[in-house]
Amino acid sequence: MDKSAKTRQAALEGLKSGLSSKILYDFIVERRITLTDSIERCLKKGKGEEQRVAAALACLLCCQLGSGMESEEVFRTLAPVLKSIISDRSANMSARQACASYLGLCCFIATDDIEDLYMTMECMENLFTKQYHAEGGTDNASALHIQALLSWALLLTICHSSEVKKKIDMHIHKLPRLLSCDDVNMRIAAGETLALLFELAREADAEFYYEDLEPLTETLKALATDCNKHRAKVDRRKQRSVFRDVLRAVEDGDFQSEVIRFGRERMQIDCWVKRLTYGVFKELFGSGMQFHLMTNGFLRSIFELGPPMLLDAAALKAMKVSRDERHMNNSAAFKARTKARSKLRDKRADVGEFF
């Protein structure tokens with residue numbers, strides 16, 4: 001509540017750090033109204049970075065409170081302010097992006113009201129559908145449209161099946177237009193959303209048929225093997241990696257599962273819904289994601305991990321890998337990878353000489 005923007009921002013950062021790395025439900029539940037009012041004030045009074053951190057803090061507050069009346073009150077209070085910043089063209093662009101991202105996640109966590117859910121989705125649709133009619137260039141607004149698209153996709157995963165079908169019919173033929181955008185992040189967001197739509201469509205209807213599948217797979221193959229020199233090498237590598245997975249999802253309905261280890265437990269990411277949900281929460285919690293997967297009952301319920309395991313401080317400390325041990329593991333993995341690649345290189349060299 002300080003007059004100084006620097007002091008307010010430092011306070012927000014401190015709270016954000018604490019809520020990202022600890023479970024503080026008992027502390028928060030008694031102070032949630034004060035915290036909500038303070039966040040609302042920072043969102044209205046602050047600029048740029050302060051608004052960005054305040055939006056993230058609103059989301060962390062909802063995560064700590066879990067799904068219920070308390071978090072729904074937080075969402076109902078802050079959602080109009082977040083929407084106002086998103087639609088304000090004079091507001092800082094990074095603040096608008098953060099508000100679009102965290103409004104979607106707050107809604108995902110807190111709301112039980114279907115009207116609130118559909119209104120939030122409509123807010124996101126009003127943003128990212130503007131990209132359908134864009135000329136394909138990269139501008140400041142494309143980053144905002146990316147966050148809106150990802151938030152919309154996250155909320156689609158908790159919609160009723162009839163609404164999911166309606167949204168798929170509305171967007172599945174338009175989203176491929178975004179694959180030709182100059183912004184690599186927009187192409188990737190559009191590709192991942194398409195993979196999610198195909199997954200949801202096939203879950204709802206095993207006989208799902210997409211009439212423009214052939215031209216779409218050709219576009220996806222081109223993106224999965226893109227070697228245009230005018231694009232940055234890092235962007236090309238990132239794009240190829242994502243679009244190989246997207247192509248498999250669209251063409252064959254396959255998903256390359258991945259295992260997330262935390263403490264003594266493991267979680268399998270085996271579908272696009274889980275992948276998107278995990279990615280959004282990981283972005284929010286940062287380095288505290290593993291701790292929250294172990295201890296946050298609400299987050300564990302989302303990923304169907306059951307109640308938290310009861311671990312004391314000594315057990316948690318014992319699970320932490322020492323720096324030297326981590327370095328040795330990384331060195332061993334690097335050595336094994338180098339040997340495997342050397343063998344492949346030798347084989348390629350032999351083939352070249354033979355021909």
Side-chain angles (χ1 to χ4, degrees), residues 32 36 39-40 43-44 51-52 54-89 91 93-132 141-172 174-175 178 189-190 192-193 196-197 200 272-273 276-281 283-284 298-299 302:
R32 72 181 191 281
T36 306
I39 292 167
E40 185 180 12
L43 286 168
K44 286 178 175 177
Q51 290 176 315
R52 189 188 68 77
L57 185 58
C59 220
L60 286 165
L61 184 58
C62 289
C63 281
Q64 291 272 350
L65 293 169
S67 58
M69 286 295 294
E70 292 97 346
S71 60
E72 195 162 1
E73 282 173 17
V74 174
F75 174 75
R76 288 260 169 90
T77 304
L78 298 178
V81 189
L82 293 169
K83 285 178 183 177
S84 171
I85 295 168
I86 290 167
S87 57
D88 182 2
R89 293 189 178 187
M93 187 52 75
S94 68
R96 292 177 73 194
Q97 289 169 39
C99 289
S101 179
Y102 295 129
L103 173 64
L105 188 49
C106 279
C107 183
F108 178 85
I109 296 162
T111 190
D112 276 333
D113 190 332
I114 202 151
E115 286 301 315
D116 285 341
L117 174 61
Y118 292 166
M119 281 170 68
T120 306
M121 289 184 75
E122 188 181 346
C123 173
M124 299 304 164
E125 276 179 315
N126 290 339
L127 289 170
F128 76 78
T129 51
K130 289 175 184 174
Q131 200 70 35
Y132 291 160
S142 70
L144 173 63
H145 298 157
I146 290 164
Q147 294 305 327
L149 177 60
L150 294 175
S151 288
W152 176 84
L154 179 70
L155 294 175
L156 186 66
T157 64
I158 57 170
C159 283
H160 188 271
S161 56
S162 61
E163 185 68 14
V164 170
K165 187 180 184 307
K166 191 168 91 175
K167 295 295 184 187
I168 288 171
D169 292 343
M170 192 185 297
H171 292 284
I172 202 163
K174 295 175 183 176
L175 273 168
L178 305 185
E192 289 178 336
T193 305
L196 178 77
L197 294 187
L200 292 172
W272 282 95
V273 172
L276 173 64
T277 310
Y278 177 77
V280 171
F281 278 104
E283 185 72 28
L284 176 68
F298 167 70
L299 195 63
I302 288 174

Please report the closest heavy-atom contact between Cys123 and Leu103, naming both atoms and the distance.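 Smallest heavy-atom distance, with atoms named: SG-CD2, 4.4 Å.
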Parallel, tilted or perpendicular: rings of Phe281 and Phe298 (30°, 60°):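 It falls in the perpendicular class, over 60°.
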Indicate every side-chain donor-acceptor pair of residues 150-159 with a distance under 3.5 Å to a residue at least two apart or in another chain.
from	atom 1	to	atom 2	distance (Å)
Ser151	OG	Ala100	O	2.9
Ser151	OG	Ser101	O	3.4
Ser151	OG	Gln147	O	3.1
Thr157	OG1	Leu154	O	2.5

Between CG of Leu43 and SG of Cys99, what distance do you get to the nearest 0.5 Å?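 So the gap between those two atoms works out to 6.0 Å.
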Kindly give the heavy-atom pair with the smallest separation between Met124 and Gly104, and that separation in Å.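 The pair with the smallest heavy-atom distance is CE-N, 4.0 Å.
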Shortest non-hydrogen contact between Ile39 and Ala54, atoms and distance: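 Nearest pair, atom of Ile39 first, then Ala54: CG2-O, 3.5 Å.
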Taking side chain as C-beta onward, heavy atoms only, is Leu175 less than 4.5 Å from Tyr132?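 Yes, side chains in contact.
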Partners meeting salt bridge (Lys or Arg N to Asp or Glu O under 4.0 Å) with Lys44 (sequence neighbours left out):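 For Lys44, the residues satisfying salt bridge (Lys or Arg N to Asp or Glu O under 4.0 Å) (neighbours in sequence not counted) are Glu40.
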Identify every side-chain donor-acceptor pair in residues 59-67 under 3.5 Å, counting partners at least two apart or on other chains, and give the distances.
from	atom 1	to	atom 2	distance (Å)
Gln64	OE1	Leu24	N	2.9
Gln64	NE2	Leu19	O	2.9
Gln64	NE2	Lys22	O	2.7

State, to 0.1 Å, how close Leu284 and Ala56 come at their nearest heavy-atom pair, and which atoms those are.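 In terms of heavy atoms, the two residues are closest at CD1-O, 3.9 Å.
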Test side-chain contact (heavy atoms from CB on, under 4.5 Å) applied to Thr120 and Phe75, step by step: CA-CA 11 Å; Thr120 306; Phe75 174 75; 3.8 Å; yes
Quick one: pull up OH in Tyr102 and CG in Leu57 and give me the separation to the nearest 0.5 Å.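 It is 10.5 Å, given to the nearest 0.5 Å.
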Side chains of Leu276 and Thr193 in contact at under 4.5 Å (non-hydrogen atoms):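 When only atoms from C-beta onward are counted, Thr193 and Leu276 do not touch, as no gap falls below 4.5 Å.
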Is the backbone N or O of Glu73 less than 3.5 Å from a side-chain atom of Thr77, with the two atoms forming a donor-acceptor pair by type?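 Checking the backbone N and O of Glu73 against the side chain of Thr77, a donor-acceptor pair under 3.5 Å is found.
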Can you tell me how far apart CG (Leu149) and CG (Leu144) are? Round to the nearest 0.5 Å.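 Leu149 CG to Leu144 CG: 11.5 Å, rounded to 0.5 Å.
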Distance check, rounded to the nearest 0.5 Å: Arg76 atom CZ versus Cys106 atom SG?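 Arg76 CZ to Cys106 SG: 13.5 Å, rounded to 0.5 Å.
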Carefully, step by step, assess Tyr118 and His160 under the rule side-chain hydrogen bond (donor to acceptor under 3.5 Å, both in side chains). CA-CA 11 Å; Tyr118 292 166; His160 188 271; 6.0 Å; no
Checking the side chain of Thr111 only, and the main-chain atoms of Cys107 only, is there a donor and an acceptor separated by less than 3.5 Å?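 Pair absent, no side-chain N/O of Thr111 close to backbone of Cys107.
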Set of residues satisfying salt bridge (Lys or Arg N to Asp or Glu O under 4.0 Å) with respect to Arg96, sequence neighbours excluded: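 Result, salt bridge (Lys or Arg N to Asp or Glu O under 4.0 Å) vs Arg96: none returned.
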Drop me the distance from Ile85's CD1 to Asp88's CG, to the nearest 0.5 angstrom.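 Taking CD1 in Ile85 and CG in Asp88, the distance rounds to 8.0 Å.
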Shortest non-hydrogen contact between Glu72 and Asp113, atoms and distance: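 Of all heavy-atom pairs spanning Glu72 and Asp113, the closest is OE2-N, 4.1 Å.
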Identify the heavy atoms of Arg52 and Ser94 that sit nearest to each other, and give their distance.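 Closest heavy-atom pair between Arg52 and Ser94: CG-O, 4.2 Å.
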Go through Leu178 and His145 one step at a time and tell me if the side-chain contact (heavy atoms from CB on, under 4.5 Å) criterion holds. CA-CA 11 Å; Leu178 305 185; His145 298 157; over 6 Å; no
N/O donor to acceptor pairs below 3.5 angstrom from side-chain atoms of residues 163-170, sequence neighbours left out:
from	atom 1	to	atom 2	distance (Å)
Lys165	NZ	Asp169	OD2	3.3
Lys167	NZ	Glu125	OE1	3.0
Lys167	NZ	Glu125	OE2	3.2

Which residues pass the salt bridge (Lys or Arg N to Asp or Glu O under 4.0 Å) test with Glu70, not counting sequence neighbours?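 Listed in chain order: nothing, the list is empty.
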